[in-house]
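Note on naming: letters A, B, ... go to the chains in the order of the sequence lines (proteins, then strands), and numbering restarts at 1 for each one.
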2 protein chains.
Amino acid sequence: MTDAAETGTDRLDDDAATGALPDAAATGRGLPEATLERLTVYLRVLNAAESEGTPTLSSDVLAGAAGVNSAILRKDLSLLGGSFGRRGVGYDVPRLAEHLATTLGLRERWRVAIVGAGNLGRALAGYAGLRHNGFELTAIFDMDPDVVGRTINGLVVRPAESLEADIEAEQVNMAVMTLPGTAAQRVCDRLVAAGVRNILNFAPVVLQAPDGVNIRKVDMSRELQILAYYAHQGIGHQDAVPAEDVDA
Amino acid sequence: MTDAAETGTDRLDDDAATGALPDAAATGRGLPEATLERLTVYLRVLNAAESEGTPTLSSDVLAGAAGVNSAILRKDLSLLGGSFGRRGVGYDVPRLAEHLATTLGLRERWRVAIVGAGNLGRALAGYAGLRHNGFELTAIFDMDPDVVGRTINGLVVRPAESLEADIEAEQVNMAVMTLPGTAAQRVCDRLVAAGVRNILNFAPVVLQAPDGVNIRKVDMSRELQILAYYAHQGIGHQDAVPAEDVDA
DNA sequence: CGGTGTGAAAGCATTCACAGCA
DNA sequence: TGCTGTGAATGCTTTCACACCG
């Protein structure tokens, strides 16, 4: 009943509740959510800088490119422990990038299954950001017999029936759910039963799952609605950088 | 240079930086970001309950279905001003739903253009959550001549060249960017120049935009990376409800 | 100097706990 | 009695400001 029943050709939604960890920051493990979100942005900027051969970046420049102020960037990096900057110089780009990637767990091997081969599932299957960073797309499932058997990005879409067996056989340890809200909770239960402990959910539904299962939600209609709110109420929310000249 | 260059068949990414408003809460306008995110979830649950004919919902039940605790739900609703619950009974479902929708600006008419007709753009075009809630999909644009002219969900894909003219002619006031990172900043500039002040960005890029432009970002690779972090570091982040029996 | 790293202060958000109304 | 609405307390996050180093 928690299900807003979004059905149709596509399978969508995005969101990310802000569950804080029990105890966090200062320990080196257990970084604050807010910091984690920024780390992913820093990493992206660093990767871009690295592939351009930029050797170092000051906190001002890096922060500008990431759309945050430099104080919080330095604080974020200080939570990571090691010292990656040199005073008077800046941060060593490759070293910091590597450290961030490791901290985020991107040096592990993530075997990802996509469940739901609609437009959104196909979009994700071809998404470069998935293929990079240690994410290995292993399987795509769908319930629709017309879709099963088709090839997407080199992978044959498999029937939902083989979910459990394939997940175990291929050691899938991360799942992306791109399916209608009506099917989401059932599929989630099956994924969990099959041993998956990490789920990225695009269905517009609040999933119930046992403790120990990591779930994140991406909810596009949430983002649209919040945008509508800011547009409606006095214009002027800014999520982007206020037109400063920033360019790593 | 802030661009991580994600290219390919699809056009993806999701994220949402947490830009707080200047002064917020208590005034009735300017609700905290965190509250806004939850309001959209409450609204979804309320809509579901309403279409099932449930007349009232207690804060415990509503909170459970939304995946939050009841204290924060009551606090969130109290920020809205009006009193929508009756002590000893609960909240009047249709009344509260209507109030939330109005507060979020969903009773305005939003004329939305999608820029980028890849898989992700197509997924969004067919997304029921867009058609509901006052969002009216007005136009879809793409740069690829092979895609221009195709019909998606009843709309013919238009060439990027006509972006400015069409936006003005059809009074588009909200844009969704589902295109590669490499094109994102240029398109954003054009949208802003054409008068669009509300943008939902799926490209994996930090956009620069002048003050007064509302931008939100949805970044899937961010969500994947944060999931990887929790999976890597001691398992156990929970974003879903810890398997309580909640069902509106 | 220029720029990092970090305590201490300020600002937000969440939780508690209870008064008050139906 | 049951459940809302809300001040007060707690706990996070961000910002400030400055010591310290190359």
Given side chains that start at C-beta, do those of A/Leu191 and A/Met177 come closer than 4.5 Å, heavy atoms only?
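With C-beta onward as the side chain, the pair touches.
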Taking the side chain as every heavy atom from C-beta outward, state whether B/Leu200 and B/Met174 have any pair of such atoms under 4.5 Å apart.
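No - every pair of side-chain heavy atoms lies 4.5 Å or more apart.
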Grab the [atom1]-[atom2] distance between [X] and [N] for me, whole Å please.
| X | N | atom1 | atom2 | value |
| --- | --- | --- | --- | --- |
| A/Leu79 | C/dT4 | CG | P | 16 Å |
| B/Asp92 | D/dC3 | CG | C1' | 15 Å |
| A/His99 | C/dG5 | NE2 | P | 11 Å |
| A/Glu37 | D/dT13 | CD | P | 10 Å |
| A/Asp60 | C/dG5 | CG | C1' | 14 Å |
| A/Leu96 | C/dG3 | CG | P | 17 Å |
| B/Phe84 | D/dC3 | CZ | P | 20 Å |
| B/Glu33 | C/dG11 | CD | C1' | 16 Å |

State which residues pass side chain to side chain contact (heavy atoms under 4.5 Å, CB included) with B/Asp189; sequence neighbours excluded, sorted by chain then number.
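Expected list: B/Gln185.
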Under the side chain to side chain contact (heavy atoms under 4.5 Å, CB included) test, which residues partner A/Arg190, sequence neighbours left out?
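Scan of A/Arg190 (side chain to side chain contact (heavy atoms under 4.5 Å, CB included), adjacent residues dropped) gives A/Ala160, A/Leu163, A/Glu164.
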Does B/Gly85 or A/Ile72 map to a spot on DNA chain D nearer the 5' end, using the closest nucleotide for each?
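Mapping each residue to its closest nucleotide by heavy atoms, the 5'-most match is B/Gly85.
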For the side chain of [X], counting heavy atoms from C-beta on, which of [options] is nearest?
| X | options | value |
| --- | --- | --- |
| B/Arg74 | C/dT14, C/dA17, D/dC18 | C/dA17 |
| B/Ala71 | C/dA13, C/dC16, D/dT4 | C/dC16 |
| B/Lys75 | D/dT15, C/dG3, C/dT15 | C/dT15 |
| A/Tyr91 | C/dG5, D/dT13, D/dG5 | C/dG5 |

Applying a 4.0 Å non-hydrogen cut-off, can you work out what A/Thr35 is touching in the nucleic acid: base, sugar-phosphate, or nothing?
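Result for A/Thr35 = nothing.
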Check this one for me: any side-chain N or O of [X] less than 4.0 Å away from OP1 or OP2 of [N]?
| X | N | value |
| --- | --- | --- |
| B/Asn69 | C/dT15 | yes |
| B/Ser59 | D/dT4 | yes |
| B/Arg38 | C/dT14 | yes |
| A/Ser83 | C/dG5 | yes |

Any side-chain donor-acceptor pair under 3.5 Å between A/Glu33 and B/Tyr230?
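A/Glu33 vs B/Tyr230: donor-acceptor pair found between side chains.
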Sequence neighbours left out, what pairs pass salt bridge (Lys or Arg N to Asp or Glu O under 4.0 Å) with at least one residue falling in residues 66-82 of chain A?
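Sorted result for residues 66-82 of chain A: A/Arg38-A/Asp76.
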Filter on salt bridge (Lys or Arg N to Asp or Glu O under 4.0 Å), then keep only pairs touching residues 99-108 of chain A, sequence neighbours left out; what's left?
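Counting only pairs at least two positions apart or across chains, the salt bridge (Lys or Arg N to Asp or Glu O under 4.0 Å) contacts touching residues 99-108 of chain A are A/Glu98-A/Arg107.
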Shorter than 3.5 Å, N or O on both sides, protein versus nucleotides 20-22 of chain D: list them out with atom names.
from   : atom 1 : to      : atom 2 : distance (Å)
D/dC20 : O2     : A/Arg87 : NH1    : 2.8

Please tabulate, for the side chains in residues 82-95 of chain A, all donor-acceptor contacts under 3.5 angstrom to protein atoms that are two or more places apart in sequence or on a different chain.
from    : atom 1 : to      : atom 2 : distance (Å)
A/Asp92 : OD1    : A/Arg95 : N      : 3.0
A/Arg95 : NH2    : A/Ser83 : O      : 3.2

